[in-house]
**Student:** 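Just dropping this structure here.
Please read these numbers as outputs of a predicted model, since none were measured by experiment. Quick note on labels: first sequence line is chain A, next is B, and so on, each numbered from 1.
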Amino acid sequence: MRVSKMLTHTLKEDPQEAEVMSHKLMIRAGMLRRVSSGIYNYLPLGWKVIRKVMDIIREEMNAIEGQELLMPAMNPRELWEETGRWEEMGDNLFRLKDRWGRDYCLGMTHEEVITDIARKEIQSYKDLPIMLYQIQTKFRDEPRPRAGVMRGREFIMKDAYSFHDSDESLDEKYRDNYRAYWRIFARCGMETVPVKADPGPIGGTDNHEFMVLSPVGEDTVFLCECGNGANKEMAYFKDEEKDPPVRSKESSREKIHTPGVSTIEKLCKSLKISADRFMKAIVYIADGKPIMAIVRGDRDINQVKLRRGLGVKTLAMANDDEILKFTGGHLGFSGPVGMDPSVVVADPEIKYMVDTICGANEKDYHFRNVNPGTDFTVGKYIQIRDAVEGDKCPECGKVLDAKRSIELGHIFKLGRKYSNDMKATFLDDKSERKTFIMGCYGIGVTRIVAAVIETHNDKNGIIWPISIAPYECLVMPVMYNDDEQRGISEEIYKKLKEKGIDVAYDDRDSRPGFKFKDADLIGYPLRVIVGKKAIKDGLVELKLRDEKEAQMVKIEEVVDMIIDIIKVEKTKLMSFSDRFEECPC
RNA sequence: CGAGGUGUGGCGCAGCUUGGCUAGCGCGUCUGCUUUGGGAGCAGAAGGCCGGAGGUUCAAAUCCUCUCACCUCGACCA
């Protein structure tokens with residue numbers, strides 16, 4: 001491709017709309033332009049990168065027997081009602097009506113549609129297992145799109161779905177995908193960490209998120225040297241075993257007047273006591289019934305742990321009316337004193353609290369000198385607080401490391417959740433009707449691109465892994481005007497093209513400084529510079545984007561050298577097997 | 001939804017407090033000349049109903065009201 005004909009104009013200044021580096025660089029390098037909040041044009045340079053990522057994904061999915069298909073972005077309401085997700089997805093689902101007033105949505109994921117395909121097309125156990133996948137544009141009405149393509153409202157995703165007649169078969173496919181995901185990300189130049197995660201509204205049992213560590217990530221993961229890793233929602237840790245607390249002096253419960261002091265922060269200020277001396281009591285509606293969850297005042301309740309610990313399907317914070325009915329007091333003044341123990345759940349840390357302060361279930365009143373056992377009884381002690389830096393690994397006891405991360409992929413064992421709801425069945429070898437067991441495997445394609453840039457850049461621009469660079473190589477005459485330089489450049493460009501190298505040729509009659517800056521910004525991994533000093537001795541410069549110095553190479557050898565370097569670089573990206581660890585489940 | 005902020009040629013910004021001549025600057029674009037190893041210089045040119053609607057005023061980019069879009073933090077989130 002001739003640079004003079006490319007639709008790309010690079011920007012010298014950072015765009016006002018962008019905050020994080022990958023977003024800035026994608027716009028400055030001419031890959032991306034915003035159309036609306038969270039909605040983007042992928043200009044040719046950006047689209048080319050996305051296509052390369054897609055190709056890697058296709059190769060790896062096909063290698064584990066995935067079959068590509070394409071499902072509609074627009075789905076009818078009826079399908080989503082079969083699983084209850086038309087309601088469950090709430091405002092995140094983009095909805096629209098046709099001219100007759102019929103309801104549709106723009107798919108954010110395709111479990112319903114694929115299960116519909118399966119129940120119609122797959123009748124026999126002989127067709128199983130099978131895995132189908134697509135690369136599709138997905139839609140989510142995000143409350144707040146962020147960081148360019150990192151969290152958009154329209155984005156490209158690969159989603160795969162597998163169907164099985166046994167758990168063992170699903171386990172095997174899950175392991176295949178686990179391995180394939182590792183390979184895909186490695187080939188894109190990304191080192192990912194698989195962590196245990198909560199399945200959320202998708203449902204199912206085992207699932208892993210593939211995370212890349214980055215300070216701009218929106219998730220927090222807790223990692224241990226021993227290989228154990230989980231995202232924040234699922235980050236369980238070892239509860240410290242302590243001696244039972246000893247009360248230094250006899251004290252008894254006392255009601256105190258605290259008008260308008262409805263938050264922990266206000267309590268700390270008004271009583272001049274630190275947050276860890278309070279109990280935070282929050283009322284939730286769990287599967288329709290109210291419960292009270294208690295953690296120390298300085299801790300955060302982890303809703304996923306609470307939901308799992310209670311063994312309920314739905315969990316939401318109660319509103320003021322519900323709290324009033326349940327406790328007799330208002331929001332901000334709840335506490336366990338006087339509550340039936342069967343509806344009180346507390347974090348184990350509560351056991352060790354002495355002479356603590358909590359709400360009195362009466363507006364504008366708290367209790368002080370409250371002690372577990374004497375003043376109230378806890379029905380169930382389960383770990384329901386968020387992990388924090390310094391907590392210990394539940395497996396080996398070492399200190400967990402908290403890191404920010406970007407979620408690139410998520411794999412789930414769905415089980416029969418969708419096939420049950422949608423009555424998707426097949427006949428087994430005994431002519432019995434069975435319900436499909438399913439798995440589902442997603443990758444954020446456009447997000448990979450952002451994550452790669454985020455982790456591969458310097459002050460001059462992007463440093464692409466060669467596998468997904470928009471072009472593998474750039475040929476650049478210092479002075480396009482110079483017949484000799486142009487002649488040699490054209491010739492090298494032609495030869496590289498013939499050899500199948502994805503090469504760009506900067507044939508613009510611009511000043512060299514301008515072209516160097518542009519090349520660094522766009523981040524061509526390899527650069528051939530044809531200048532007059534070098535020409536005298538039949539040499540051109542060959543420079544790698546991530547190396548400081550260029551090497552002088554004979555003109556007639558440069559093409560072969562480039563071919564070799566590309567081969568070596570790609571092999572490097574493929575040779576990840578020494579780091580790979582098999583799926584733990 | 002809560003809090004803060006921004007809308008002025010393609011991009012980045014100034015002007016607004018205290019209303020007043022033809023709305024400026026840098027980058028980019030086009031023409032010409034000179035340049036040519038890290039975002040060149042000179043000369044010239046094109047390109048704006050100042051986000052939109054209403055109001056105040058002799059007069060509004062500037063003041064008032066409403067509205068829309070976008071950004072950041074939070075809440076939320078396969």
**Student:** Choosing from B:C13, B:C77, B:C73, which nucleotide comes nearest the side chain of A:Arg144?
**Tutor:**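 Taking heavy atoms from C-beta onward, the closest nucleotide is B:C73.
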
**Student:** Can you figure out which of B:C76, B:C70, B:G12 approaches the side chain of A:Pro143 most closely?
**Tutor:** B:C76

**Student:** Could you go through the side chain to side chain contact (heavy atoms under 4.5 Å, CB included) check for A:Leu542 and A:Arg527 one step at a time?
**Tutor:** CA-CA 6 Å; A:Leu542 180 58; A:Arg527 189 193 301 170; over 6 Å; no

**Student:** Which whole-number value in Å describes the distance from A:Lys517 NZ to B:G39 C1'?
**Tutor:**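 Atom NZ in A:Lys517 sits about 7 Å away from atom C1' in B:G39.
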
**Student:** Under 4.0 Å: is that the gap between some side-chain N or O of A:Ser37 and OP1 or OP2 of B:C71?
**Tutor:**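 Indeed, a polar side-chain atom of A:Ser37 lies that close.
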
**Student:** Can you check whether any acceptor in the base of B:U36 is under 3.5 Å from a donor in the side chain of A:Asn481, or vice versa?
**Tutor:** yes

**Student:** Go through the N and O atoms of the side chain of A:Arg151 and the base of B:C77, and report whether any donor-acceptor pair is under 3.5 Å.
**Tutor:**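 Under the 3.5 Å cut-off, the side chain and the base do form a donor-acceptor pair.
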
**Student:** Quick one: look up who B:C42 pairs with, Watson-Crick or G-U, both distances under 3.5 Å, and put none if it's unpaired.
**Tutor:** B:G32

**Student:** Parallel under 30°, tilted from 30 to 60°, perpendicular over 60°: which one fits the rings of A:Phe163 and A:Phe436?
**Tutor:**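 Perpendicular.
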
**Student:** On a whole-Å scale, what distance lies between the P atoms belonging to B:C64 and B:C16?
**Tutor:** 14 Å

**Student:** Whole-Å distance between B:A40 P and A:Lys12 NZ?
**Tutor:**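 Distance check: A:Lys12 NZ to B:A40 P gives 6 Å.
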
**Student:** Under 3.5 Å, is there a donor-acceptor pair between the side chain of A:Asp537 and the main chain of A:Leu539?
**Tutor:** no

**Student:** For A:Gln16 and for A:Phe155, find the nucleotide of RNA chain B with the closest heavy atom, then tell me which residue's nucleotide is more 5'.
**Tutor:**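 So the residue in question is A:Gln16.
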
**Student:** To the nearest Å, give me how far apart CE (A:Met552) and C1' (B:G37) are.
**Tutor:** 12 Å

**Student:** Which is more 5' along RNA chain B, the nucleotide nearest A:Thr10 or the one nearest A:Met317? Just name the residue.
**Tutor:** A:Thr10

**Student:** Heavy-atom distance under 4.5 Å between the side chains of A:Met438 and A:Phe412, does that happen here?
**Tutor:** no

**Student:** Expressed as a whole number of angstroms, how long is the span from A:Met476:CE to B:G37:P?
**Tutor:**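 Rounding to the nearest Å, CE of A:Met476 and P of B:G37 are 10 Å apart.
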
**Student:** How close or far is atom C1' of B:C76 from atom CE of A:Met89, stated in whole angstroms?
**Tutor:**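 Atom-to-atom, A:Met89 to B:C76, this comes out as 14 Å.
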
**Student:** For B:G74, give the paired nucleotide (Watson-Crick: N1-N3 plus N6-O4 or O6-N4; G-U: N1-O2 and O6-N3; both under 3.5 Å), or none.
**Tutor:**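 Result: B:C1.
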
**Student:** Could you tell me the separation between the CG atom of A:Asp91 and the C1' atom of B:C76, rounded to a whole number of Å?
**Tutor:**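 Value for this atom pair: 10 Å.
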
**Student:** Give me the ring orientation class for A:Tyr40 and A:His23: parallel if the planes are under 30° apart, tilted from 30 to 60°, perpendicular past 60°.
**Tutor:** perpendicular

**Student:** Quick one: does A:Glu541 reach the base of B:G37 with a side-chain donor-acceptor pair under 3.5 Å?
**Tutor:** yes

**Student:** Could you tell me how far apart A:Ile27 (CD1) and B:G10 (C1') are, to the nearest whole angstrom?
**Tutor:**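 Atom-to-atom, A:Ile27 to B:G10, this comes out as 14 Å.
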
**Student:** Nearest whole Å is fine: how far is B:C70 P from A:Arg34 CZ?
**Tutor:**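 Result: 7 Å.
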
**Student:** A:Tyr493 side chain to A:Met1 main-chain N or O, any donor-acceptor pair under 3.5 Å?
**Tutor:**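 Present.
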
**Student:** Taking the C1' atom of each, how far is B:U72 from B:G10, in whole Å?
**Tutor:**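 Taking atom C1' in both B:U72 and B:G10, they lie 25 Å apart.
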
**Student:** Is there, by distance only and without an angle test, a donor paired with an acceptor across the side chain of A:Arg511 and the base of B:U35 below 3.5 Å?
**Tutor:** yes

**Student:** Is there ring stacking between A:Phe514 and B:G39, where the centres must be under 5.5 angstrom apart and the planes under 30 degrees?
**Tutor:**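 A stacking contact does not exist, since A:Phe514 is not both close and nearly parallel to the base ring of B:G39.
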
